[in-house]
Amino acid sequence: MIMSPPTAQEIAAAIRTIPDFPKPGIQFKDITPVLADARLFSGSIDLLTAGYQPGMVDAVVGIDARGFIFAAAAAVKLHAGFIPVRKQGKLPFQTYEQQYDLEYGTATVAVHIDALKPGSRVLLIDDLLATGGTAGAAAALVSRLGGKILEISFLIELGFLGGRQKLKDYPVRSLVNY
């Protein structure tokens with residue numbers, strides 16, 4: 001029996017909200033039920049890459065760590081390379097780094113200096129858009145490498161945090177909005 005592809009609403013229904021994790025006041029969005037269901041996981045990749053076919057994208061960039069899951073699967077589907085953007089100090093070769101602001105402090109992400117060829121067509125994928133700091137830093141790294149971002153895609157967007165505004169120079173896609 002062939003199963004129909006899931007809708008974004010079905011994916012949203014599978015995402016659990018865990019109150020007060022990892023600290024009081026946070027409403028953590030748990031994506032593990034989506035990952036555990038082959039139909040929902042595969043469907044989420046299809047929805048994140050809708051409109052793109054193999055040959056249209058040179059690389060899919062994924063952000064450490066949950067973004068790796070979706071970006072790597074999207075790269076396989078699109079017959080494209082997978083490029084990890086990692087937390088500072090996690091990549092073994094020479095890197096470019098980009099600092100960004102957190103609620104209380106800063107963080108830094110990095111990418112290998114040879115990760116992309118100039119002019120590469122890139123999809124940037126992460127699991128969650130919150131304030132936009134991490135995705136904005138990753139986009140800056142892609143630009144520094146000479147890549148052209150076709151779109152930035154997220155499984156989940158916390159719209160009330162305004163992260164989309166930090167990414168206003170790029171097309172942004174989110175499957176589930178809170």
Side-chain angles (χ1 to χ4, degrees), residues 1-23 26-87 90-91 109 111-112 115-116 120-139 141-142 147 149-161 163-164 167 170-178:
M1 177 173 128
I2 297 175
M3 296 174 47
S4 63
T7 64
Q9 292 78 15
E10 288 176 280
I11 293 168
I15 297 169
R16 287 190 287 228
T17 299
I18 310 294
D20 300 321
F21 182 83
K23 62 183 185 179
I26 302 292
Q27 299 293 310
F28 184 81
K29 302 304 181 193
D30 180 10
I31 63 169
T32 58
V34 173
L35 300 175
D37 184 306
R39 178 175 166 268
L40 295 178
F41 182 39
S42 177
S44 68
I45 301 306
D46 290 342
L47 291 169
L48 287 167
T49 60
Y52 296 98
Q53 299 297 321
M56 296 173 72
V57 174
D58 299 309
V60 180
V61 172
I63 301 173
D64 201 342
R66 296 189 315 172
F68 291 173
I69 299 165
F70 296 97
V76 169
K77 178 183 180 208
L78 296 173
H79 302 239
F82 168 70
I83 309 299
V85 169
R86 304 247 12 226
K87 295 176 178 98
K90 298 292 185 181
L91 290 171
V109 290
V111 68
H112 281 145
L116 293 170
S120 294
R121 298 164 296 171
V122 173
L123 285 183
L124 177 58
I125 296 180
D126 202 3
D127 68 311
L128 180 77
L129 172 59
T131 64
T134 310
L141 288 170
V142 168
I149 295 177
L150 303 174
E151 186 173 69
I152 304 177
S153 298
F154 302 93
L155 183 73
I156 300 168
E157 179 175 350
L158 303 178
F160 60 92
L161 293 176
R164 188 177 283 256
L167 305 174
Y170 308 98
V172 174
R173 175 193 319 225
S174 299
L175 303 186
V176 177
N177 291 281
Y178 293 99

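Residue numbers run from 1 in the order of the sequence given.
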Participant: Report the C-alpha distance between T49 and V57 in whole Å, list the side-chain angles of each, state the deciding distance to 0.1 Å, and finish with yes or no for side-chain contact (heavy atoms from CB on, under 4.5 Å).
Facilitator: CA-CA 10 Å; T49 60; V57 174; over 6 Å; no
Participant: For R164 and G132, indicate whether the former's side chain and the latter's backbone hold a donor-acceptor pair under 3.5 Å.
Facilitator: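 No; zero donor-acceptor contacts below 3.5 Å.
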Participant: What are the two closest non-hydrogen atoms of S44 and L155, and how far apart are they?
Facilitator: CB-CD1, 3.8 Å
Participant: Taking the side chain as C-beta and beyond, is there a heavy-atom pair between L150 and Y52 under 4.5 Å?
Facilitator: yes
Participant: Give me the atom names and distance for the closest heavy-atom approach of A73 to F41.
Facilitator: CB-CZ, 4.2 Å
Participant: Could you tell me whether the side chain of Y170 reaches within less than 4.5 Å of the side chain of L124, counting heavy atoms only?
Facilitator: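 SC-SC contact between L124 and Y170 ruled out.
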Participant: What residues, two or more places apart in sequence or in another chain, satisfy salt bridge (charged side-chain N to carboxylate O under 4.0 Å, His left out) together with K29?
Facilitator: none
Participant: Taking all heavy atoms of A59 and all of L116, pick out the closest pair and write down the distance.
Facilitator: CB-CD2, 3.5 Å
Participant: Under a 4.5 Å cut-off applied to non-hydrogen side-chain atoms, are T32 and R16 in contact?
Facilitator: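 Yes, close enough: below the 4.5 Å cut-off.
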Participant: Using 0.5 Å steps for rounding, measure from the CG atom of L141 to the CZ atom of R86.
Facilitator: 14.0 Å
Participant: Return the set of residues passing side-chain hydrogen bond (donor to acceptor under 3.5 Å, both in side chains) with S42 (not counting sequence neighbours), or none when no residue passes.
Facilitator: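 side-chain hydrogen bond (donor to acceptor under 3.5 Å, both in side chains) list for S42, sorted by chain: empty.
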Participant: Hey, could you give me the CG/CD distance between L123 and E151, rounded to the nearest 0.5 Å?
Facilitator: 6.5 Å
Participant: Are the side chains of L40 and E10 in contact, using a 4.5 Å heavy-atom criterion?
Facilitator: yes
Participant: Listed by chain and number, what are the salt bridge (charged side-chain N to carboxylate O under 4.0 Å, His left out) partners of D46, not counting sequence neighbours?
Facilitator: K77
Participant: Nearest heavy-atom pair of Y178 and A12: which atoms, and what distance?
Facilitator: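 Nearest heavy atoms, Y178 then A12: OH-O, 3.9 Å.
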Participant: Tell me, do L35 and F70 make a side-chain contact under 4.5 Å, heavy atoms counted?
Facilitator: yes
Participant: Would a 4.5 Å heavy-atom cut-off, applied to side chains only, mark D64 and V109 as touching?
Facilitator: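 No, side chains not in contact.
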Participant: Would you name the heavy atoms of G51 and M56 that are closest together and state the gap between them?
Facilitator: O-CE, 3.5 Å
Participant: Report yes if the side chains of P22 and I26 come closer than 4.5 Å at any heavy-atom pair, otherwise no.
Facilitator: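 The answer is yes; the side chains approach within 4.5 Å.
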Participant: Side-chain contact test, heavy atoms from C-beta onward, threshold under 4.5 Å: evaluate it for L158 versus I156 and give yes or no.
Facilitator: yes
Participant: Could you pull out all residues at least two apart from Q53 that satisfy side-chain hydrogen bond (donor to acceptor under 3.5 Å, both in side chains)?
Facilitator: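 side-chain hydrogen bond (donor to acceptor under 3.5 Å, both in side chains) check on Q53 returns nothing, list empty.
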Participant: Work out which heavy atom in V34 is nearest to a heavy atom in A14; give both atom names and the distance.
Facilitator: CG2-CB, 3.9 Å
Participant: Test I125 against every option in I45, I63, I152, V60 by the side-chain contact (heavy atoms from CB on, under 4.5 Å) rule and name the one that passes.
Facilitator: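 Between I125 and the candidates, side-chain contact (heavy atoms from CB on, under 4.5 Å) is satisfied uniquely by V60.
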Participant: Look only at the side chain of R173 and the backbone of A50, and say whether a donor-acceptor pair between them is shorter than 3.5 Å.
Facilitator: yes
Participant: Residues two or more places apart in sequence or in another chain: which of them pass ring pair (Phe, Tyr, Trp, His ring centres under 6.0 Å) with F68?
Facilitator: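 Per chain and number, F68 pairs via ring pair (Phe, Tyr, Trp, His ring centres under 6.0 Å) with F82.
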Participant: By salt bridge (charged side-chain N to carboxylate O under 4.0 Å, His left out), which residues pair with D127, not counting sequence neighbours?
Facilitator: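 Expected list: R66.
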